[in-house]
Amino acid sequence: MKQEEVHGYKLASRGKRLAATITEGILYTIVIIGIYLLFGKSFSYYWEQDLELIDIPISAVTGLIVGAIFYPIFSGNLGHRIFDLKVISAETGKDINKGQEGAIREMLKYVLGYLLIPVIWLLWDDKKQNLYDKLSKTLVVEKV
């Protein structure tokens with residue numbers, strides 16, 4: 001087994017993970033802007049918002065919802081699906097496809113996203129894991 005392979009899968013490249021994250025962020029931004037416009041807020045209102053402490057709990061709840069919805073369907077989030085990636089258990093290799101597992105992983109991702117080090121952790125990690133991957137004991141993979 002090569003170093004890049006685990007549990008019969010290839011570890012997702014850092015570039016592919018970044019592209020999946022950016023694509024997912026763009027899609028969610030479009031949805032959020034659409035919601036703002038639907039409720040009569042201007043486009044500039046969305047961009048002028050300052051970071052407030054309330055944003056962290058909102059991010060946690062959003063992560064819980066996103067994970068609970070998408071993981072049972074895709075074994076990952078929307079960005080993973082678009083780039084043909086999935087999330088597996090680092091210990092067993094089984095798909096992370098239960099709502100509660102996905103909810104916890106995405107909540108950690110969204111909350112730790114406010115800090116730089118946990119997000120860029122994968123740049124120097126041998127298994128290409130972020131801190132939230134380590135905490136949730138997951139790997140992002142693609143088919144070999």
Side-chain angles (χ1 to χ4, degrees), residues 1-38 41 43 45-144:
M1 180 160 70
K2 298 177 193 172
Q3 184 180 9
E4 291 287 311
E5 288 185 21
V6 279
H7 303 293
Y9 296 99
K10 178 183 170 192
L11 287 174
S13 71
R14 291 171 177 95
K16 204 166 193 178
R17 287 191 68 179
L18 177 63
T21 299
I22 290 170
T23 301
E24 180 186 36
I26 290 169
L27 291 173
Y28 291 154
T29 300
I30 291 168
V31 169
I32 290 168
I33 290 171
I35 291 170
Y36 271 91
L37 294 174
L38 185 67
K41 301 289 184 184
F43 181 75
Y45 177 83
Y46 175 78
W47 297 109
E48 293 170 359
Q49 297 301 302
D50 292 328
L51 175 66
E52 298 176 13
L53 286 179
I54 191 69
D55 290 341
I56 295 172
I58 289 171
S59 291
V61 171
T62 303
L64 289 169
I65 293 168
V66 166
I69 291 170
F70 289 116
Y71 278 70
I73 301 168
F74 303 134
S75 293
N77 60 39
L78 190 55
H80 294 141
R81 177 66 185 124
I82 291 168
F83 284 86
D84 204 24
L85 304 173
K86 69 177 182 173
V87 180
I88 64 169
S89 166
E91 296 171 334
T92 66
K94 291 184 179 179
D95 290 4
I96 300 298
N97 58 7
K98 292 186 174 67
Q100 64 271 21
E101 294 171 323
I104 290 168
R105 185 179 184 280
E106 289 296 302
M107 187 248 338
L108 287 170
K109 175 181 153 184
Y110 282 35
V111 171
L112 292 174
Y114 287 96
L115 308 171
L116 186 59
I117 297 299
V119 176
I120 63 168
W121 188 288
L122 72 87
L123 293 177
W124 60 82
D125 189 82
D126 290 341
K127 292 186 178 178
K128 300 177 185 170
Q129 291 175 294
N130 284 314
L131 182 57
Y132 57 85
D133 291 318
K134 296 228 179 254
L135 292 172
S136 60
K137 299 179 182 171
T138 59
L139 296 167
V140 179
V141 296
E142 54 187 306
K143 293 180 182 176
V144 178

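Because only heavy atoms are used, hydrogens play no part in the values below, and waters and symmetry mates are left out as well, while side chains stay in. Owing to the predicted nature of the structure, the values given are computational and were not obtained by experimental measurement.
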Salt bridge (charged side-chain N to carboxylate O under 4.0 Å, His left out) partners of residues 83-97, not counting sequence neighbours, each pair once: Lys86-Asp95, Glu91-Lys137
Polar contact flag, side-chain donor to acceptor under 3.5 angstrom, Tyr114-Ser59: yes
Among residues at least two apart in sequence or on other chains, which ones pass side-chain hydrogen bond (donor to acceptor under 3.5 Å, both in side chains) with [X]?
{"X": "Asn130", "value": "Tyr132"}
{"X": "Lys109", "value": "Glu24"}
{"X": "Ser13", "value": "none"}

side-chain contact (heavy atoms from CB on, under 4.5 Å) assessment of Val31 paired with Leu27: CA-CA 6 Å; Val31 169; Leu27 291 173; 5.8 Å; no
Heavy-atom pair of closest approach, residues Ile82 and Thr23: CD1-CG2, 4.0 Å
Least distance between heavy atoms, Leu85 atom then Ala12 atom: CD2-CB, 3.7 Å
Set of side chain to side chain contact (heavy atoms under 4.5 Å, CB included) partners for Gln129, sequence neighbours left out: Ala90, Asp125, Lys127, Asp133, Lys134, Leu139
Separation between [atom1] of [X] and [atom2] of [Y], rounded to the nearest 0.5 Å:
{"X": "Ile56", "Y": "Tyr110", "atom1": "CD1", "atom2": "OH", "result": "15.5 Å"}
{"X": "Leu64", "Y": "Leu108", "atom1": "CG", "atom2": "CG", "result": "9.0 Å"}
{"X": "Thr62", "Y": "Glu106", "atom1": "OG1", "atom2": "CD", "result": "11.0 Å"}
{"X": "Leu112", "Y": "Met107", "atom1": "CG", "atom2": "CE", "result": "8.5 Å"}
{"X": "Arg81", "Y": "Tyr71", "atom1": "CZ", "atom2": "OH", "result": "14.0 Å"}

Under 3.5 Å: donor-acceptor pair, side chain of Arg105, backbone of Gly67: no
Expected output: side-chain Arg17 to main-chain Lys128 donor-acceptor under 3.5 Å: yes
Worked check of side-chain contact (heavy atoms from CB on, under 4.5 Å) between Ile96 and Ser75: CA-CA 5 Å; Ile96 300 298; Ser75 293; 5.8 Å; no
Are any of the side-chain heavy atoms of [X] and [Y] separated by less than 4.5 Å?
{"X": "Asn77", "Y": "Thr21", "answer": "no"}
{"X": "Lys10", "Y": "Val141", "answer": "no"}
{"X": "Trp121", "Y": "Leu131", "answer": "yes"}

Phe70: partners by ring-ring contact (aromatic ring centres under 6.0 Å, His included), with sequence neighbours left out: Phe74
